[in-house]
Chemist: 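I have a structure I would like to understand better, so I am pasting it below and will then ask my questions one at a time.
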Protein chains: 2
Amino acid sequence: MFPCIFSLKDWERSQKVADLSTIEEIAKKAGVSRSTVSRVINDDPNVNEQTRERVLEVVNSNNYVPNRAARKLAGGRTGVIGLVIPIGVSRLFVEPFFPILIQSVTNRCNQVNRSVMFWLGEPEYERRSITQILSNDLLDGVIVSSLKDQDPIVAALHRSQIPFVLIGRYRDLPVNFVDIDNEKCAQMAVNYLLQTGRKRIATITGVADTMVSRERLDGYRATLAKAGFKIDDNLIAEGGFVEEGGYAAMAKIFPHKPDAVFATNDAMAVGAIRFLREQGVRVPEDVGVVGFDDAPFAASYKPSLTTIAQPIGDLGRRAVDMLVNVIEQQPNDVMNEIFASDLIIRESA
Amino acid sequence: MFPCIFSLKDWERSQKVADLSTIEEIAKKAGVSRSTVSRVINDDPNVNEQTRERVLEVVNSNNYVPNRAARKLAGGRTGVIGLVIPIGVSRLFVEPFFPILIQSVTNRCNQVNRSVMFWLGEPEYERRSITQILSNDLLDGVIVSSLKDQDPIVAALHRSQIPFVLIGRYRDLPVNFVDIDNEKCAQMAVNYLLQTGRKRIATITGVADTMVSRERLDGYRATLAKAGFKIDDNLIAEGGFVEEGGYAAMAKIFPHKPDAVFATNDAMAVGAIRFLREQGVRVPEDVGVVGFDDAPFAASYKPSLTTIAQPIGDLGRRAVDMLVNVIEQQPNDVMNEIFASDLIIRESA
DNA sequence: TCAGATATTGGGAGCGTTCCCATTCTAAAG
DNA sequence: CTTTAGAATGGGAACGCTCCCAATATCTGA
């Protein structure tokens, strides 16, 4: 179909053609009406089996793809899903969460024959353009990840009536989302540290005004409290989910003599370990470190990271499936799904 | 415009509305015709200045955004640009090149009021769907990065007449592209190693059937030859642009006693250093290592990496600008732009 | 054998734009 | 005061599809 091009000669020979026709042309070739072709390509059951095959044959041999713009305009779907990740460059590059998420969402979309339209985090002044785009256009639905608490996009989405699914819950609003149980994850991490005899367990939190940070911190607090420990605020510091932040947070915590740290992602865990090393502190002998994410580097890092593995791929795939379901079935109730995570025990704690 | 939502009450109160109208409604409100509004929003000069202002006022106050599907159907543009990066997961996660590229492309697109549709690398069987999508749809144009030699997408793009720009040249075909001078970069790296007295300089190449690998290898060969060295094929190994590959390549090269390595990206440089360390070899004292990319971790790695810094952000931005230009001006000649790169000297060589 | 149901098909209308041509308005020139 | 070029504006047609209803073909049972 699409030959490779091996030389300039090939290139010049290769003719510019558009072998794709309109539904009307396909109809004529198949000897049926526009409507019948439309039914075939939209899987309408009310078509004679032989007719369907004949049409399908013409469709395939002509490499016909329906025009999405026309389809949308006529009240149909474009098959385009928006993916919005409103975070800054620094985290996008460093946290493995995002590339994996992006990959799993785009892959699943391809599998279910959808395209992905993409928005990365922007300075505030560009948010307006995002909401404009969302509220009109070519999108059948939207997936949004990593929201901050006061992000106006949820309200915009809601107002514009476009189907959407969040990755990570948003306040306690009744919206569609997929998520992990962050509190329980934190509980697993802290409990493990307690089991290994740690007495002064610190935590490095992520970005302040996000559900995910709050939940992990709540889990940390609750677990310690339940074990009969008093919470020492000196053992809590914010790291913004980036390596440098982990380093700085560890520097703040260190004078208060922790014997373990629950870093709420792996990037910060690495930052923390870097600081500890510079102080001549041994990990895990003197201070145990638990991370979060099971980043690709977590296993090969020295020491390899004990960490919580989120099923990021599952989150992305399920978000797509959920959104497609919302688009097609328009259910009345909101859908939620919580995925389980695992504690991966390695060397660092 | 879009208030934040602070509670369930807010949520319930927030009404679902679509305050965006059609061009016809705007026209009525402004007391002009559909055509005039169309002229205004498309910057047609044939509009009375006062009329233009009046229309603009209505447009803004109603938050009107033209329907892209309708626009496309009527022969206009959608303002959507496709970004295709046909590489596998392993590299996407590891090489900083891609997130930075993605970020710079999407940011620039936002700046020039375009949306980005996104395709990541896929197994071969999905390539078909990519070309299908490209050849029809909502896209005004396409940016493609990181092509392999035999990738059929270029031919498909050419045939379908859609404007496109490549990041990294493709064979010697007359197509629009932005690129760096890979041969010269290799020359810089190797020359530097020569200047520091290295005599047995090895290289770890990337993915075999790509221009970029070939060019860097050519540059390596040419520079050594020019300096009067004989090329020793034992000092050349392929690393596939990933850390593991760099490690394995170094393992192959090591028995042949190199005193320096030009790794054609930073991930492989790190892999190579990991191997050398395990052998008790000191970097840079015993073996100097030069990387490529100036990845975020390059500066903080121990030893910090001497590397070539590509202007990735510039490449992405320029690709967008070039594509927009092609879309709007439809120039007859192809456009190329080569960006300069820098050698960043740090500890590893 | 025929009414009535059911399966299948066809075609008009309309989605919201842009493009193009026709019309109206303005102002300068005769 | 009329004519006319040019500026400004309006509206029909078309883009390619889906939806809906009407028309036709086929089948069922009495």
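Naming: A, B, ... by sequence-line order, numbering from 1 per chain. The basis for the numbers below is simple: all heavy atoms, side chains too, and nothing from hydrogens, waters or symmetry mates.
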Chemist: Take atom CD1 of B/I23 and atom P of C/dC15, then tell me their distance rounded to the nearest Å.
Modeler: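 Distance check: B/I23 CD1 to C/dC15 P gives 14 Å.
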Chemist: Establish, with yes or no, whether the OP1 or OP2 oxygen of C/dT18 is under 4.0 angstrom from a side-chain nitrogen or oxygen of B/N42.
Modeler: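 The answer is yes; a side-chain N or O of B/N42 sits under 4.0 Å from OP1 or OP2.
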Chemist: Using whole Å, report how far CZ of A/R71 lies from C1' of C/dG14.
Modeler: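 Spelled out: CZ on A/R71 to C1' on C/dG14 is 17 Å.
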Chemist: Just how far, in rounded Å, is C1' of C/dC20 from CG of B/D44?
Modeler: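 From B/D44 CG to C/dC20 C1': 12 Å.
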Chemist: So, is A/S35 near the phosphate of D/dT18, with a side-chain N or O under 4.0 Å from OP1 or OP2?
Modeler: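 The answer is no; no side-chain N or O of A/S35 sits under 4.0 Å from OP1 or OP2.
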Chemist: Round to a whole Å and report the spacing from CZ of A/R54 to C1' of C/dT8.
Modeler: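 After rounding, the gap between these two atoms is 12 Å.
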Chemist: With nearest nucleotide decided by heavy atoms, which residue, A/E24 or B/N46, maps closer to the 5′ end of DNA chain D?
Modeler: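 Residue closer to the 5' terminus by nearest nucleotide: B/N46.
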Chemist: Among D/dA8, C/dT8, C/dA13, which is the nearest nucleotide to the side chain of A/R34?
Modeler: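 Nearest nucleotide to the side chain: C/dA13.
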Chemist: Answer yes when B/E25 and B/K28 have at least one side-chain N-carboxylate O distance shorter than 4.0 Å, and no when they do not.
Modeler: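 Here B/E25 does not pair with B/K28 in a salt bridge, since their nearest N and O are not under 4.0 Å apart.
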Chemist: I want to check one thing: is the phosphate of C/dT9, taken as OP1 and OP2, less than 4.0 Å away from some side-chain N or O of A/T36?
Modeler: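 No, because none of the side-chain N or O atoms of A/T36 sits under 4.0 Å from OP1 or OP2 of C/dT9.
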Chemist: Using OP1 and OP2 only, check whether a side-chain N or O of B/T22 sits under 4.0 Å from C/dC15.
Modeler: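 Negative; the distance criterion is not met.
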Chemist: Please determine whether a side-chain nitrogen or oxygen atom of A/Y64 lies at a distance below 4.0 Å from atom OP1 or OP2 of D/dG16.
Modeler: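 For D/dG16, neither OP1 nor OP2 has a side-chain N or O of A/Y64 closer than 4.0 Å.
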Chemist: Looking at A/N176 and A/M335, would you say the former's side chain and the latter's main chain have a donor-acceptor pair under 3.5 Å?
Modeler: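 Here the side-chain-to-backbone pair exists.
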Chemist: Measure the distance from CD1 on B/I41 to C1' on C/dT17 and round it to the nearest whole Å.
Modeler: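 Result: 8 Å.
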Chemist: Any side-chain donor paired with an acceptor under 3.5 Å for A/R77 and A/N42?
Modeler: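 Side-chain D/A pair, A/R77 to A/N42: absent.
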Chemist: Whole-Å distance between C/dC15 C1' and B/R68 CZ?
Modeler: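 From B/R68 CZ to C/dC15 C1': 18 Å.
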Chemist: Hey, which sits more toward the 5' end of DNA chain D by its nearest nucleotide, B/V32 or A/A70?
Modeler: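 Taking each residue's closest nucleotide, the earlier one in sequence belongs to B/V32.
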Chemist: For D/dG10, does either OP1 or OP2 sit under 4.0 Å from a side-chain N or O belonging to B/S33?
Modeler: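 Yes, such a contact exists.
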Chemist: Taking the side chain of A/L73 as heavy atoms from C-beta outward, which of C/dT17, D/dT9, C/dC15 is closest to it?
Modeler: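 For A/L73, the side-chain atoms sit closest to C/dC15.
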Chemist: Would a 4.5 Å heavy-atom cut-off, applied to side chains only, mark A/V55 and A/V47 as touching?
Modeler: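 Not in contact.
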Chemist: Can you check whether B/L56's main-chain N or O pairs, donor with acceptor, with B/N60's side chain at less than 3.5 Å?
Modeler: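 Such a contact is found between B/N60 side chain and B/L56 backbone.
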Chemist: Whole angstrom is fine here: how far is it from CG in B/N48 over to P in D/dG6?
Modeler: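 Rounded to the whole Å, the gap is 19 Å.
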Chemist: Just how far, in rounded Å, is C1' of C/dT9 from CD of A/Q50?
Modeler: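 A/Q50 atom CD is separated from C/dT9 atom C1' by 15 Å.
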Chemist: Please tell me which of the listed nucleotides, C/dG10, D/dT18, C/dC20, lies nearest to the side chain of B/R39?
Modeler: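 Of all the options, the side chain of B/R39 is nearest to C/dC20.
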